[in-house]
Amino acid sequence: MKIKKIYLLLIFLFAGFRADAQQNTKALENFQDILVKISKATTAETFDIKKLELNGKFVKTLVDALKTPHSFGFSFDSLKNVSIIKSPDQAFRVISWYLLLENGTYRYYGAIQMNSNNGPLKLFPLIDQTENLNDPNIITDNQKWFGARYYEIIPVTSGSRLPYYILLGWKGNNQTTTKKVIEILSFSKDKLTFGAPVFDGKSIKDKNRFIFEYTKSNAMLLKTDHKAGMIVFDHLAPFDSQMTGRYEFYGSDGTFDGFKIIGGKLKLMESLELNNDPNAMDELYADPKKNIKPERKF
């Protein structure tokens with residue numbers, strides 16, 4: 001008889017848990033519908049003042065949504081203008097997006113949501129201070145964020161050192177140039193830090209983050225190449241040596257560099273040979289080495 005009571009109690013508990021989970025999912029779906037509408041309205045707006053007003057409403061609604069139990073497991077995948085990526089160890093996720101302003105510049109918004117195992121929401125708001133950072137290489141925190149829209153997270157562990165995470169991000173800049181960034185994120189107790197001296201290479205001494213800048217009319221590769229076992233990227237150079245330092249004239253010179261994680265550091269590897277698997281589209285590939293290339297200068 002006692003076993004039967006315990007069995008019935010477990011059934012009631014499971015049924016209650018399932019009902020709560022369904023209720024939470026429904027609430028999160030409703031929040032997502034509202035967020036999608038606000039996001040679309042923001043994108044459709046022409047004037048900054050209205051964009052910023054709608055974005056403020058978006059931020060408030062998003063925070064309310066994240067307060068819902070089990071929100072960490074909800075993907076918000078209908079929010080096409082917002083990047084939401086989880087760390088491979090499931091410790092946190094980064095939510096980031098941007099507004100394109102009337103003058104052709106960008107303002108970034110975001111938050112880092114910790115996986116609190118369904119406890120109270122633990123959220124780090126990301127405050128874009130790009131315009132106020134006199135030195136873009138300085139180590140900062142979430143209140144002085146070098147804003148970007150992140151699309152990849154790579155965890156790094158080494159010996160007794162605290163683990164850190166590499167964030168790859170896109171950073172629209174202005175009407176003439178675009179940026180991409182390799183950001184370093186680390187956690188200590190209840191604080192987070194952006195930037196760290198983990199880059200290793202003669203030409204990149206004392207770097208705390210790695211920033212690329214290039215002409216807005218070009219694209220740039222920056223991603224993890226699992227086959228090569230490193231972060232790979234286009235080598236950027238001026239189209240003419242007289243344009244050195246003028247990044248609106250920088251683009252890929254047809255070669256690749258990369259960072260390989262060695263002993264907890266990002267070791268710069270230059271002039272890489274990247275070999276892709278055979279593909280049916282290879283016949284349509286135009287070899288950049290047969291075209292005029294920018295002059296290679298780091």
Side-chain angles (χ1 to χ4, degrees), residues 85 87-89 94 136-139 146 148-171 177-186 193-215 218-239 241 243-245 247 249-279 282 285-298:
I85 52 174
S87 62
D89 58 9
V94 183
N137 189 53
I138 64 171
I139 295 174
F146 187 71
R149 187 182 191 272
Y150 300 119
Y151 55 86
E152 191 169 353
I153 302 175
I154 306 110
V156 179
T157 56
S158 176
S160 60
R161 290 185 56 179
L162 286 173
Y164 67 86
Y165 300 86
I166 302 166
L167 305 180
L168 305 184
W170 179 90
K171 186 174 177 66
T177 67
T178 298
K179 294 181 179 180
K180 284 194 174 182
V181 60
I182 302 177
E183 182 65 270
I184 308 300
L185 170 66
S186 57
T193 299
F194 285 115
V198 297
F199 298 94
D200 185 12
K202 291 182 180 179
S203 58
I204 56 170
K205 187 179 179 182
D206 301 324
K207 289 283 186 183
N208 292 313
R209 67 178 51 83
F210 210 82
I211 304 167
F212 305 88
E213 187 172 4
Y214 53 97
T215 178
N218 279 21
M220 179 200 168
L221 173 75
L222 172 62
K223 69 171 188 175
T224 300
D225 187 318
H226 295 286
K227 190 173 182 180
M230 63 177 71
I231 298 167
V232 299
F233 50 89
D234 284 313
H235 184 95
L236 302 176
F239 296 108
S241 60
M243 302 299 180
T244 300
Y247 295 105
F249 298 105
Y250 274 57
S252 171
D253 64 3
T255 66
F256 300 92
D257 298 326
F259 283 112
K260 193 171 185 66
I261 301 170
I262 301 175
K265 291 272 191 176
L266 296 182
K267 177 69 175 179
L268 180 64
M269 316 292 283
E270 300 182 76
S271 302
L272 300 175
E273 290 290 336
L274 299 181
N275 298 313
N276 294 323
D277 293 330
N279 188 291
D282 287 346
Y285 172 70
D287 189 346
K289 294 181 180 179
K290 295 179 182 179
N291 299 323
I292 298 174
K293 302 179 298 183
E295 181 178 336
R296 181 182 174 91
K297 280 189 177 182
F298 214 102

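The residues of the chain are indexed from 1 along the displayed sequence.
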Work out which heavy atom in [X] is nearest to a heavy atom in [Y]; give both atom names and the distance.
X      : Y      : answer
Ser87  : Ile153 : N-CD1, 3.7 Å
Ile85  : Glu152 : CD1-N, 3.5 Å
Ser252 : Leu236 : N-CD2, 3.8 Å
Pro163 : Ser186 : O-CB, 4.4 Å
Leu268 : Gly201 : CB-CA, 4.5 Å
Met269 : Lys260 : CG-CB, 4.1 Å

Any sub-3.5 Å donor-acceptor pair from [X]'s side-chain atoms to [Y]'s backbone N or O?
X      : Y      : result
Arg209 : Pro136 : yes
Asp234 : Met220 : no
Tyr214 : Lys180 : no
Asp257 : Ser271 : yes
Asn137 : Asp206 : yes
Glu183 : Gly195 : yes

Is there side-chain contact between [X] and [Y], with at least one heavy-atom pair below 4.5 Å?
X      : Y      : result
Tyr151 : Leu168 : yes
Lys223 : Ile231 : no
Ile138 : Asn208 : no

Check step by step if ring pair (Phe, Tyr, Trp, His ring centres under 6.0 Å) holds for Phe256 and Phe233.
-> CA-CA 6 Å; Phe256 300 92; Phe233 50 89; 9.2 Å; no
Full working for side chain to side chain contact (heavy atoms under 4.5 Å, CB included) between Phe212 and Val181 | CA-CA 6 Å; Phe212 305 88; Val181 60; over 6 Å; no
Result of checking Thr224, Val198, Leu266, Leu185 against Ile166 for side-chain contact (heavy atoms from CB on, under 4.5 Å) = Leu266
When rounded to the nearest 0.5 angstrom, what distance separates [atom1] in [X] from [atom2] in [Y]?
X      : Y      : atom1 : atom2 : answer
Phe239 : Asp253 : CZ    : CG    : 10.0 Å
Ile154 : Ile261 : CD1   : CD1   : 7.0 Å
Lys267 : Ile262 : NZ    : CD1   : 7.0 Å

Thr178 meets the side-chain hydrogen bond (donor to acceptor under 3.5 Å, both in side chains) criterion, sequence neighbours left out, with none
List in chain and number order the residues that pass side-chain hydrogen bond (donor to acceptor under 3.5 Å, both in side chains) with Tyr247, two or more places apart in sequence or in another chain; answer none if no residue qualifies.
-> none
Using the six-membered ring of Phe146, assess whether NZ or CZ of Lys171 lies under 6.0 Å from its centre and within 45 degrees of the ring axis.
-> yes
Candidate pair Phe194 and Leu167, rule side chain to side chain contact (heavy atoms under 4.5 Å, CB included), full reasoning = CA-CA 10 Å; Phe194 285 115; Leu167 305 180; 4.1 Å; yes
Report the C-alpha separation of Tyr164 and Thr193 in whole Å, then their side-chain angles, then the decisive distance to 0.1 Å, and conclude whether the side chain to side chain contact (heavy atoms under 4.5 Å, CB included) test is met.
-> CA-CA 10 Å; Tyr164 67 86; Thr193 299; over 6 Å; no
Look at the rings of Phe210 and Phe259 and say which category their plane angle falls in: under 30° parallel, 30 to 60° tilted, over 60° perpendicular.
-> perpendicular
Strictly by modelled atom types, are Tyr250 and Asn218 linked by a side-chain donor-acceptor pair under 3.5 Å?
-> no
